[in-house]
Each structure stands twice: as C-alpha cells, then as structure tokens.
Amino acid sequence: MEPSPATGGSETTRLVSPRDRGGAGGGLRLKSLFTEPSEPLPEEPKPVEMSFHHCHRDPLPQPGLTPERLQAQRQLCAACAVCCVFMAGEVVDVGSMMGSLFSLWLSTRPATRTMTFGWHRSETLGALASVVSLWMVTGILLYLAFIRLLHSDYHIEGGAMLLTASVAVCANLLMAFVLHQAGPHHSHGSRGAEYAPLEEGPGEPLPLGNTSVRAAFVHVLGDLLQSLGVLAASILIYFKPQYKAADPISTFLFSICALGSTAPTLRDVLRVLMEGTPRSVGFEPVRDTLLSVPGVRATHELHLWSLTLTYHVASAHLAIDSTADSEAVLAEATSRLRSRFGFSSSTLQVEQYQPEMAQCLRCREPPQA
C-alpha cells in the first residue's frame with residue numbers, strides 16, 4: 001500500500017494495481033489504508049510586544065531620590081542634628097555635674113602626710129573644670145553659628161527646634177531651682193558678711209555655698225541663658241521661617257551672656273588657686289583684730305588664703321609683751337579670727353616683742369596690690 005495525496009482532508013482508501021506497482025498480477029488489487037492529518041499543523045505564535053502589563057503598568061523608577069524623599073531626608077537630617085546637638089550638650093552637662101559631685105566627695109578625704117591640708121582644693125579644681133566645659137560648649141555653638149551666618153544654605157525645622165528648646169529650658173529651670181536652694185550665700189550672724197567655714201565639726205552638716213554647688217549652678221545658669229535664646233529664636237522661626245538667621249544671632253547674644261555669668265566664679269577660682277586673700281576678708285581688718293588682743297604689740301608674716309571659697313586659712317607671727325601670757329594670747333587671737341572672719345584654720349606663732357622688729361624688712365607689711 002502507498003499513501004495517496006490528501007484529498008479534501010478526509011481519510012481515503014484506494015486499490016493499487018500490480019501495474020501501478022510494477023508487479024505481474026495486474027488483476028490483483030491490493031487494498032491500502034492510510035490516514036492523513038485532518039488539519040494543517042499550527043504555526044508557532046509570533047512574540048507580541050505588550051506595551052503595558054498588569055505588573056508593569058508604572059514606568060521604571062528614576063535613579064536617585066524623588067523630591068518628596070529629598071524633603072523627607074532633609075527633615076530627618078535636621079531632626080537628627082538637633083537631637084545630636086541636644087544630646088551632646090546634655091552629655092557635657094551630666095559630665096560637669098558628675099565632676100562636681102566627684103570633687104565634692106574627694107574633698108571629704110582626710111589629710112595625709114602628703115596632703116597635709118587634705119583634699120579640699122579638689123572642689124576648686126572641679127569648679128574650674130565646670131567653667132572650662134561651659135566655655136567649650138559655648139565655643140562650639142559660636143563656631144556653628146558663625147558657619148551658619150557665613151553659609152545660609154541650611155534648613156531649620158521650627159517645630160522640632162521649638163520642642164527641643166522648650167524641654168531644655170524646663171530642664172535647666174528645674175536644675176537651677178534645685179541648685180539655688182543650696183547656692184552660695186553670705187552669713188549675717190555673729191561672723192558678719194562673709195562666707196561660713198566649710199567644716200565646723202565632725203557632726204555638723206555641710207553648709208551651703210560650697211564651691212562645687214556654686215560651679216554647678218553657674219554652669220546650669222549659662223545653659224539656661226543659651227536655651228532661652230534658642231527658644232526665642234525657635235518661636236520666631238516657627239511663625240516666620242524666612243527669619244532663620246535668628247538662630248545663629250541669638251546664639252551669639254546669649255553665649256556672650258553665658259560667658260559673662262561665669263566671670264565671677266572664674267575670678268574667685270583663680271583667686272583661690274593663686275593663694276589670694278579671700279574676697280570676703282580684708283587684710284587690714286584681720287591685722288587690726290590681732291592687734292586688739294591684749295598683750296599683742298605687733299604682727300608680721302600675716303598670710304591669708306583659702307583652700308576653697310569657704311575654707312579660709314590664716315597664719316601670722318604675734319609679737320607680745322614680756323608680761324603677757326602667751327597661751328591666753330594664742331587662745332584669744334584664734335577665737336577672734338574664727339568668730340569674726342570665719343577662718344577654718346589659724347596658725348599663730350607667739351614671740352617676744354623686740355624694738356628692732358620695726359626696721360626688719362621681713363616684718364614689714366606687704367604693699368597694696
């Protein structure tokens with residue numbers, strides 16, 4: 001059997017003679033059955049380019065951030081900067097407070113053969129460190145304010161700035177109130193207008209007005225002035241964003257006020273470190289008080305200094321008559337120095353008066369500063 005060409009697309013059957021096949025039996029016919037496909041083979045589909053698909057309807061995103069994201073980035077960066085500045089400032093404040101607390105603890109250590117006066121002057125060093133730390137923060141703020149005035153390409157979030165400044169003002173007000181309760185004061189009792197001594201006895205509480213608390217109060221006061229300046233600027237910027245230059249300008253103004261508030265404390269600290277006469281004690285009044293003791297003819301080698309702002313020390317040579325009782329003179333002179341001027345320590349040497357003491361160069365009083 002041989003397949004025949006497709007006709008009409010249906011299955012067909014035909015007899016093939018031997019002649020058609022080239023065979024001998026012409027009368028014989030063979031029946032051949034074959035099957036052809038009813039439909040032509042389908043062609044392969046051509047790829048069709050689809051302009052939009054259900055998952056690709058939006059165009060490809062452009063590289064970089066969109067304007068909305070850029071604005072969000074600027075806002076977040078500004079907020080982070082404000083938080084970092086506030087946090088850095090608070091870290092410095094906490095460090096200053098901890099330093100004052102440590103110096104106060106250190107000052108309570110007893111005297112040793114090396115530290116014969118004890119550790120009282122650690123309070124003064126702590127106060128100096130507190131002032132220096134405030135100056136460092138103020139210097140950084142002034143530098144940043146100068147950079148902002150020089151390059152005005154900065155953005156300020158008025159809302160975040162206002163919130164941060166408000167919190168800072170409230171915190172500094174609270175700390176100032178707490179420290180002012182134990183702030184420096186002057187005694188107006190039997191000792192007159194001078195600082196009370198730091199140590200009256202083993203069982204008495206620590207008096208008010210010590211150097212550490214005063215230094216901490218001055219530090220908080222400087223922070224409060226700067227916070228008030230930032231708050232005033234933030235209120236203006238919140239309602240008038242175009243006046244963003246108010247921030248660096250207020251920083252300049254209130255930083256100067258903060259530095260000015262530390263001037264009295266710095267002056268007293270330097271006086272203590274330079275072994276100067278206590279600010280609340282005069283040389284002449286102390287000399288006249290010693291000369292008023294019965295039996296005292298002259299004084300020389302009179303030295304007045306302080307270990308802290310409240311711990312005053314005096315030493316002197318007392319020239320007495322030959323008939324005076326040296327023990328009585330020593331006790332009376334020491335009592336008057338403590339009761340009238342609040343000296344915590346007095347070292348007095350009693351010796352016989354000699355007429356030639358008037359011409360002794362070492363026995364002469366020091367000149368005015």
Side-chain angles (χ1 to χ4, degrees), residues 77-97 99-100 126-181 183-184 212-270:
C77 289
C80 290
V82 172
C83 292
C84 289
V85 170
F86 181 75
M87 183 173 60
E90 290 305 313
V91 168
V92 173
D93 292 340
V94 171
S96 175
M97 298 297 174
S100 298
L128 180 62
S130 179
V131 172
V132 170
S133 65
L134 178 61
W135 282 21
M136 291 177 58
V137 173
T138 304
I140 295 175
L141 293 178
L142 288 176
Y143 172 76
L144 295 177
F146 177 76
I147 293 298
R148 286 190 170 187
L149 287 178
L150 191 62
H151 307 286
S152 58
D153 54 344
Y154 60 92
H155 177 72
I156 296 180
E157 286 295 329
M161 182 179 177
L162 180 60
L163 178 61
T164 305
S166 301
V167 173
V169 168
C170 293
N172 286 316
L173 280 175
L174 180 60
M175 289 188 293
F177 175 78
V178 172
L179 293 174
H180 186 264
Q181 298 301 102
S212 299
V213 176
R214 180 179 178 181
F217 176 75
V218 171
H219 189 106
V220 171
L221 183 61
D223 287 344
L224 177 60
L225 291 176
Q226 293 176 348
S227 300
L228 288 174
V230 176
L231 179 61
S234 62
I235 293 176
L236 179 61
I237 295 175
Y238 182 78
F239 293 101
K240 300 289 185 179
Q242 63 272 21
Y243 295 148
K244 62 180 182 180
D247 178 37
I249 292 176
S250 66
T251 301
F252 276 112
L253 296 178
F254 285 89
S255 294
I256 295 175
C257 296
L259 293 178
S261 66
T262 63
T265 300
L266 182 62
R267 179 191 60 194
D268 292 340
V269 166
L270 293 179

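The first residue in the sequence is number 1, and the count goes up from there. Quick caveat, the model's predicted, so the values are computed rather than measured.
- Screening Thr164, Val230, Leu231, Leu174 for a side-chain contact (heavy atoms from CB on, under 4.5 Å) with Val169, the sole residue that qualifies is Leu231.
- Between atom CG of residue Leu221 and atom CD of residue Gln226 there is a gap of 10.5 Å, rounded to the nearest 0.5 Å.
- Here the CD1-CZ distance, from Ile249 to Arg148, works out to 12.5 Å after rounding to the nearest 0.5 Å.
- Put simply, CG on Leu162 and CD1 on Ile237 are 10.0 Å apart, with the number rounded to the nearest 0.5 Å.
- Every side chain to side chain contact (heavy atoms under 4.5 Å, CB included) that Phe146 has, sequence neighbours left out, goes to Leu150, Phe252.
- In terms of the side-chain hydrogen bond (donor to acceptor under 3.5 Å, both in side chains) criterion, residue partners of Ser227 (sequence neighbours excluded) are, by chain and number, Asn172.
- Looking at Met175 and Val178, their side chains never come closer than 4.5 Å, going by heavy atoms from C-beta outward.
- A donor-acceptor pair is defined here as one N or O able to donate and one able to accept, closer than 3.5 Å; such a pair exists between the side chain of Ser133 and the backbone of Ser130.
- One distance of note links CG of Leu144 with CG of Leu149; it measures 11.5 Å at 0.5 Å rounding.
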Show me the side-chain donor-acceptor pairs of residues 254-265 shorter than 3.5 Å, one per line, residues at least two apart or across chains.
residue	atom	partner	partner atom	Å
Ser255	OG	Thr251	O	2.5
Ser261	OG	Ala258	O	2.6
Thr262	OG1	Trp135	NE1	3.0
Thr262	OG1	Leu259	O	2.6

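- The distance from the CG atom of Leu163 to the OH atom of Tyr238 is 10.5 Å, given to the nearest 0.5 Å.
- The shortest non-hydrogen separation linking Ala233 to Ser250 is CB-OG, 3.4 Å.
- A distance of 11.5 Å separates CG of Leu173 from CG of Asp223, quoted to the nearest 0.5 Å.
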